[in-house]
Amino acid sequence: MNGRTRSASKAASTATTANAPSTTTNGKKRRADTHDTGAAAGMQTRHAKRQALDKPTKKPAEPIPFPIVPTVTPLAPGGHVHAPIAYPVTDPSSLDWDVGLGFGLITTAGYVRYTCRSGVWDDGAWVAGSTLPDLHIMATALHYGQACFEGLKAYRHADDKAYVFRPHANHSRMAKSCARALMEAPPLDKFLNAVRTCVARNMAYVPPHDKPGALYVRPFLFGSGPKLGLNESDEYTFIVTCAPVGEYYKAGGKPVKALVCGEHDRAAPKGVGSCKLAGNYAPTLLPAKEAKTQGYPITLYLDPATRTYVDEFATSNFLAATKTKILTPDSNSVLESVTRMSIMQLARDHGFTPETRRIKVSELTEGTADGEPITHIAACGTAVVLTPVYRIDVPETDATGKTTLRRIVAAGWKDMVDADQEPTDAAMDAGESDPLMKLGNELRAIQKGQRPDTHGWLWPESGITGDE
Ligand code: COI
C-alpha cells in the first residue's frame with residue numbers, strides 16, 4: 001500500500017465509523033448499526049462489559065484490514081495484466097490559465113466522500129487522490145445503473161474567494177434523481193458541506209479571477225453496496241470531486257451546428273429523461289460520435305413520442321429567442337437545467353417574456369403561432385454555459401427510404417450560413433445582436449462577480465477562502 005492509498009483508507013475508515021442523523025432523507029426509519037457512535041456506542045460498551053463478566057472471555061475477532069487489497073495473478077503464467085495506473089495529482093502551478101482549459105480532466109488534490117449504510121449517513125471524509133479503492137464488484141451502480149450526478153461551478157472573484165453557483169438547486173435535482181432510482185439522497189447540510197470542503201481544499205485549482213474558466217464541481221451518488229438480484233443497494237456513496245475547466249466545445253464559445261438524432265431517442269415518453277441519472281448519458285455516446293464524424297459537435301433530441309417537438313441536446317437544454325420572447329421546451333423528458341432557470345430569470349429581468357412550453361420543430365423555420373420568427377438558438381447548461389447554435393440539420397426519410405438533411409437556420413445567422421461561412425470572430429461580433437448570447441454573457445459576469453448578484457445565486461455569501 002503506498003502512502004496515498006494509506007491516507008485514503010484511513011480517511012475512509014474514519015468515515016465508516018462516524019455518527020449520523022436520526023432520520024433518513026427518504027423517511028425510512030433509522031436503523032442503528034455497528035457504525036453508530038455516541039450513546040449507542042456507549043450502551044454497546046456497557047453491554048459488552050457486562051457480557052465480559054458473565055461469560056468466559058472470548059478472543060476478539062481480528063480487525064479486517066481496510067481496504068482489502070485484492071491479490072491479482074495472471075490467468076496464464078507470465079500473462080500480461082495491466083497494472084493499476086498511479087493517477088497523479090496535477091501540480092496546480094503547472095497549469096497555464098491563459099490557454100483555454102477545455103473540458104478534459106485535470107485531476108485535483110482529492111475529493112469528499114460520504115457513505116450512507118442501511119439509512120445511516122456517516123460524517124464524511126476527505127480522500128486524497130482520485131480513485132476509489134474499496135468498491136465491491138457487485139455494487140448496484142455497476143450492474144443496475146443506480147447512479148446519478150450533478151454539475152455546478154465555483155468562480156474566483158476579485159476578493160480572491162470562491163463562490164459556488166446555486167448549489168441548493170443542484171441538491172434538489174439530485175434528490176429528485178435519487179427518489180426515482182430508489183437511492184438515498186444526501187441531506188442538504190452534507191451536500192453543501194461536501195461542495196464547500198471540496199472547493200476549499202482544491203482552492204489552488206480555481207482559475208484566477210482575471211482568467212477564463214471555473215472550477216467544475218461534480219457531486220455524484222451511487223449504489224455502492226453489493227446485490228445480485230435486481231434490488232436497491234443497502235449502501236450509497238456520495239462523492240464531490242472537481243476539476244478546473246474552460247469551454248466545453250472545441251469551438252471555444254463560438255456558435256456550433258447541431259444534428260438532430262433521427263435514429264435514436266434520449267429518453268422514453270414516460271421514462272427518466274428529467275432525472276440526471278448516469279444511465280441517461282451512455283446511450284447518447286454512439287449518436288454523438290457518429291454526429292462528430294460528420295462535423296456536428298452537438299446532437300439534438302426530439303420528443304420520443306411524436307418526434308415533432310424539441311426536447312434537448314445530449315449535453316444541455318435548448319433555448320430559442322424571438323424579438324420579444326425566450327422559449328424553452330416544456331417536456332417531461334428534459335432535465336431541469338439550473339443554467340436554464342437562471343437564463344429565463346435574466347430574460348424576465350430584461351423585459352423578455354420567458355415561455356416554457358412545447359416547441360414544435362416547424363416553429364424553428366416557420367416562426368411562432370403569433371408570427372414571430374425564431375432569431376437565435378442556443379444550448380445551455382453548467383458545462384456548456386450558453387453556446388449559440390447557428391444551424392440545425394434534421395434528417396428526413398422519404399417514402400423510398402432515402403434520407404436527406406433539412407437545414408434549419410435561425411434568422412440571426414442566416415447571412416453567414418447562406419454565404420457558406422463557418423462562425424468566425426467577425427461572425428461572433430455580428431452575433432452581438434443575439435439576445436441569448438447577451439443573457440449568457442450577463443450570467444457569466446454575475447458568476448464571476450463582475451455584475452451584482454441581485455438574485456442571491458452565489459454561495460456562500462462570505463465566499464470560500466481555502467483556509468477553512
Ligand atoms: C453539466 O452541464 O454539468 C453536465 O452534467 C453535462 C455533462 C454532459 C458534462
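Each ligand, and each atom within it, is numbered from 1 in the order the structure gives.
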Legend entry - Residue and atom name of the nearest protein heavy atom (relative to atom 3 (O) of ligand 1), distance in Å to one decimal: Y216 OH, 2.6 Å
Inset, instruction - May I ask you to list the atoms of ligand 1 that are less than 4.0 angstrom from any heavy atom of G151? - result: 3 (O)
Inset, instruction - Determine, using heavy atoms of K276 and all atoms of ligand 1, whether some pair is separated by less than 4.0 Å. - result: yes
Legend entry - Cationic N near anionic O, under 4.0 Å, D122 to K190: no
Inset, instruction - Before signing off on this row, confirm whether A383 and ligand 1 have an N or O atom pair separated by under 3.5 Å. - result: yes
Legend entry - Heavy-atom nearest neighbour in the protein, as seen from atom 6 (C) of ligand 1, with distance rounded to 0.1 Å: T315 O, 3.7 Å
Legend entry - N-O pairing of R218 and E150 below 4.0 Å: no
Legend entry - Qualifying residue for side chain to side chain donor-acceptor pair (under 3.5 Å) with Y236, from R117, Q146, E184: Q146
Legend entry - K153 to Y216, cation-pi by 6.0 Å centre distance and 45° axis angle: no
Inset, instruction - Look at atom CD of E355 and say whether more than 12 heavy atoms of other residues, nucleotides or ligands are closer to it than 6.0 Å. - result: yes
Inset, instruction - Check the pair M174 / L221 against side-chain contact (heavy atoms from CB on, under 4.5 Å), numbers first and verdict last. - result: CA-CA 9 Å; M174 178 169 261; L221 183 139; 4.1 Å; yes
Legend entry - Region of K153 that comes within reach of ligand 1 [heavy atoms, distance under 4.0 Å]: neither
Legend entry - Distance from atom 7 (C) of ligand 1 to nearest protein heavy atom, with residue and atom: R218 NH2, 4.3 Å
